[in-house]
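Reminder, nothing fancy here: chain letters follow the sequence lines and each chain counts from 1.
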Amino acid sequence: MYRYDEFDAAYVKNRVKNFREQVNRRIDGSLTEDEFKPLRLMNGLYLQLHAYMLRVAIPYGTLNSRQMRTLAMIATKYDKGYGHLTTRQNIQYNWPALKDVPDILDDLADVEMHAIQTSGNCIRNVTADHFAGAAADEIEDPRPTAEIVRQWSTEHPEFLYLPRKFKVAVTGSPNDRAVTKAHDIGLRMLRNNAGEPGYEVIVGGGLGRSPFVGKVVRDFLPKADLLPYLEAILRVYNLQGRRDNKYKARIKILVHETGTDELRAMIEEEFAKMDGPSIALDPSEIERIENYFAPPQFSDLPAESVALSAAKAADAEFATWVDVNTDAHKQSGYTIVTVSAKAIGEAPGDLTTAQMNVIADLAEQYSHDELRISHEQNAILPHVKLDDLPAVHAALVEAGLATANANLISDIIACPGLDYCALATARSIPVAQDIQRRFSDPVRAKAIGEFKIKISGCINACGHHHVGHVGILGLEKAGIENYQITLGGDHTETTAIGDRAGPGFSFEQVGPAIERLVDAYISLRADESERFIDTYRRLGLEPFKAALYNEEKEAA
Amino acid sequence: MPLVTKQGFQPTPEITYVLVEEIGAANQASLAVSVPSDTDAAVLAPHLEKIALIGIDFPSFADGRGFSIALRLRRLGFEGELRARGYLISDQYPHAMACGFDTVEIDDEMAERQPYEQWKAATEKVLPPYRVKRAG
Ligand code: SF4
């Protein structure tokens with residue numbers, strides 16, 4: 001894991017001091033409310049429906065047990081005993097008092113954490129594959145790149161007042177778990193024919209009210225050119241992005257209106273004129289950062305664990321959890337554990353103080369002190385010995401964290417929606433809870449297989465509904481919640497925006513409609529290995545649309 | 001109109017700016033050119049020799065285009081004075097300097113609300129790590 005050096009530490013500590021001063025300058029009138037707003041947003045502080053909300057960065061989703069315990073402590077000391085994991089690998093606290101915020105930031109700085117640029121029209125905290133450094137399918141660990149981008153983008157003097165927010169995601173695996181094609185910039189690590197490391201650079205993806213799949217502007221960017229090239233993209237965007245309409249201000253609209261080829265030419269022209277060496281990191285500095293992410297000292301273990309096989313044979317519930325919530329690790333005898341923050345009937349992504357502490361303890365004892373937070377709002381123990389799975393599972397069961405639903409129908413992404421968010425037009429958490437209850441039987445859920453439901457409480461799409469196999473968008477019509485359903489979205493390397501099924505549903509109708517959809521899928525799939533998304537691609541919208549609206553027809 | 005400089009607030013001397021389109025016709029040796037925030041810096045490239053001062057407009061402190069324009073002008077080799085004009089807040093002063101600006105022209109209301117100490121304090125902030133390493 002990255003460790004702060006003296007410069008990082010001094011900067012983050014001073015940043016808190018500066019924010020305290022800015023709060024005081026707001027109070028004494030030096031700063032107007034309009035002027036204070038972007039400053040507080042760049043320090044993670046939002047004004048929500050009921051109170052302030054503090055969004056804390058978990059850069060590229062990586063943290064250790066000490067940091068997790070601090071997050072737990074903050075939840076107790078300054079909030080109502082829980083935090084909310086977001087689709088951008090952040091944790092949000094919904095109830096801090098304004099006067100406490102500088103103290104919270106100080107506590108975070110003590111454990112090398114911050115809330116810098118988690119909001120505002122600037123380069124936001126960088127996200128990455130949550131299986132980074134562990135996944136069997138990984139070409140290269142994306143975290144050194146993400147850390148380099150984090151450092152470069154932190155208070156970058158040129159790019160703090162962009163037309164709109166700007167999000168960067170990095171994946172080091174061909175199986176994209178970082179949704180790189182739905183980001184302003186997506187970086188896919190790869191090797192060229194000569195075996196040299198570099199990136200495919202994707203620009204202009206985004207969800208929100210006009211969803212776009214990102215376009216490739218560079219097939220292969222040598223590693224050393226990363227920062228100059230990013231700077232070229234950002235400069236073109238800063239100068240050319242629209243500022244007349246905030247709904248048209250993201251780079252995706254610039255790509256769309258300018259055309260990919262033309263924009264690529266503008267970026268390349270800017271890049272060609274850059275003084276690359278003055279921007280790029282020295283190879284020695286890149287190496288220094290990479291060294292922080294060297295794999296932990298793994299033990300030499302056989303690929304099969306006798307203890308695990310025995311435990312699975314003895315306990316069917318445990319066996320299901322292992323099948324569903326673990327993923328292939330690059331190191332023999334190890335696995336990646338997904339700790340579900342989606343217990344049936346709980347708000348997706350919410351963790352209590354006690355749960356955070358349990359996860360921290362497990363990371364320390366069983367996962368080389370490492371943790372990840374996924375954009376799917378779960379926690380990950382990235383380096384667990386197969387032999388230790390029974391012990392890890394037992395502890396998770398105690399803490400209500402052992403729901404065997406990773407990637408299944410109840411592993412729903414949901415934004416805070418009308419329960420917290422000032423922009424919401426509808427509830428999203430209660431919709432998720434209703435669907436979870438309908439599919440709470442783990443045997444049935446496993447039989448349905450991979451099924452990605454994503455819910456947003458308004459058109460801003462923080463719940464990624466466009467790229468859910470089933471997307472649910474909560475709107476408001478004449479004072480009543482109305483839910484639009486999209487089908488066939490995909491958040492992986494084969495990113496697709498879902499198709500709108502038809503007229504919306506009332507709050508009460510959503511659950512039954514999803515049940516009909518699932519029943520139709522079960523009867524239509526070729527066999528059990530054909531996932532919902534595969535069946536959808538084979539058969540198209542029609543049969544599923546018929547199932548969704550079946551009841552309305554009967555009633556008419 | 002006060003001018004924020006490294007030495008403190010100073011009264012802004014009377015200056016006649018010309019627009020980019022007027023540069024060709026002007027036959028002075030050291031021009032002051034006023035540049036709106038949607039200007040392509042490249043159009044100034046052939047004239048840089050004749051220009052002593054370029055004033056870049058900031059219609060709003062939330063509009064960061066001027067920072068990129070300044071950097072482009074410096075890259076084109078402009079060595080005269082770069083002045084940010086319009087609406088900037090003291091918190092942005094170090095960012096403006098890092099992008100190549102020398103001075104910031106603000107209005108009286110801003111100068112009163114954010115006295116020079118606030119502008120000076122902003123330049124004394126600790127730089128982020130990547131900047132420190134680039135600078136060192
Ligand atoms: S999608 Fe809308 S309701 Fe949900 S968190 Fe984002 S802005 Fe709020």
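- Between A:D34 and A:K37 there is no salt bridge, since no side-chain N of the basic residue sits under 4.0 Å from a carboxylate O of the acidic one.
- Between chain B and the residues A:H156, A:E158, A:E285, the most heavy-atom pairs under 4.5 angstrom are made by A:E158.
- When each of B:P129, B:G66, B:S68, B:S60 is checked for heavy-atom pairs under 4.5 Å with chain A, B:S68 comes out on top.
- Chain A forms the most heavy-atom pairs under 4.5 Å with one residue out of B:M97, B:R75, B:Q114, and that residue is B:R75.
- Neither the backbone nor the side chain of B:E112 comes within less than 4.5 Å of any heavy atom in chain A.
- Between the side chains of A:T154 and A:Y11, no donor-acceptor pair of N or O atoms lies under 3.5 Å.
- Neither the backbone nor the side chain of A:S153 comes within less than 4.5 Å of any heavy atom of chain B.
- Residue A:N121 does not touch chain B at all, counting heavy-atom pairs closer than 4.5 Å.
- Looking at A:L227, the atoms closer than 4.5 Å to chain B (heavy atoms on both sides) all sit in the side chain, from C-beta outward.
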Quiz item: When you look at A:E257 and A:K248, which way does the salt bridge (charged side-chain N to carboxylate O under 4.0 Å, His left out) test go after all the steps?
Solution: CA-CA 10 Å; A:E257 291 183 349; A:K248 303 208 158 152; 5.4 Å; no
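- In this structure, the portion of A:R243 lying under 4.5 Å from any heavy atom of chain B is its side chain and not its backbone.
- Ring geometry for A:W152 versus A:F159: interplanar angle of 30 to 60°, hence tilted.
- With a threshold of 4.5 angstrom between heavy atoms, A:L39 approaches chain B through side-chain atoms but not through N, CA, C or O.
- Note: A:Y237 and A:F166 have tilted aromatic rings, judged against thresholds of 30 and 60 degrees for the angle between ring planes.
- Of the atoms belonging to A:N14, it is side-chain heavy atoms, and not backbone ones, that fall under 4.5 Å from chain B.
- Using a 4.0 Å cut-off between a side-chain N of Lys or Arg and a carboxylate O of Asp or Glu, A:R25 and A:E21 do not qualify as a salt bridge.
- A cation-pi arrangement, defined by a distance under 6.0 Å to the six-membered ring centre and an angle within 45 degrees of its axis, is absent between B:R83 and B:Y17.
- Interface residue A:E270: backbone and side-chain heavy atoms are both found under 4.5 Å from chain B.
- In this structure, the portion of B:M110 lying under 4.5 Å from any heavy atom of chain A is its side chain and not its backbone.
- Of the residues considered (A:M274, A:R235, A:E155, A:E35), A:E35 shows the highest number of contacts with chain B, using heavy-atom pairs under 4.5 Å.
- Remark: A:D8 engages A:R150 in a salt bridge, criterion side-chain N to carboxylate O under 4.0 Å.
- Using a 4.5 Å cut-off between heavy atoms, B:L127 contacts chain A through its backbone alone, with no side-chain atom that close.
- Ring centroids of B:Y87 and B:F58 are separated by 6.0 Å or more, keeping the two rings apart.
- Between B:E117 and B:K120, no side-chain nitrogen of the basic residue sits less than 4.0 Å from a carboxylate oxygen of the acidic one, so the salt-bridge criterion is not met.
- Salt bridge annotation for B:R65-B:D38: absent, with no cationic side-chain nitrogen under 4.0 angstrom from a carboxylate oxygen.
- If you tally non-hydrogen atom pairs under 4.5 Å between each of A:K273, A:K17, A:Q240 and chain B, the highest count goes to A:K273.
- Checked for salt-bridge contact, A:R20 and A:D106 meet the test: a charged N lies under 4.0 Å from a carboxylate O.
- For A:L234, no part lies under 4.5 angstrom from a heavy atom of chain B.
- When each of A:L281, A:L162, A:D275, A:I116 is checked for heavy-atom pairs under 4.5 Å with chain B, A:L281 comes out on top.
- Neither the backbone nor the side chain of A:K13 comes within less than 4.5 Å of any heavy atom in chain B.
- For a residue to count as touching a neighbouring chain, one of its non-hydrogen atoms must lie under 4.5 Å from one of that chain's; by this rule A:N18 touches chain B with the side chain only.
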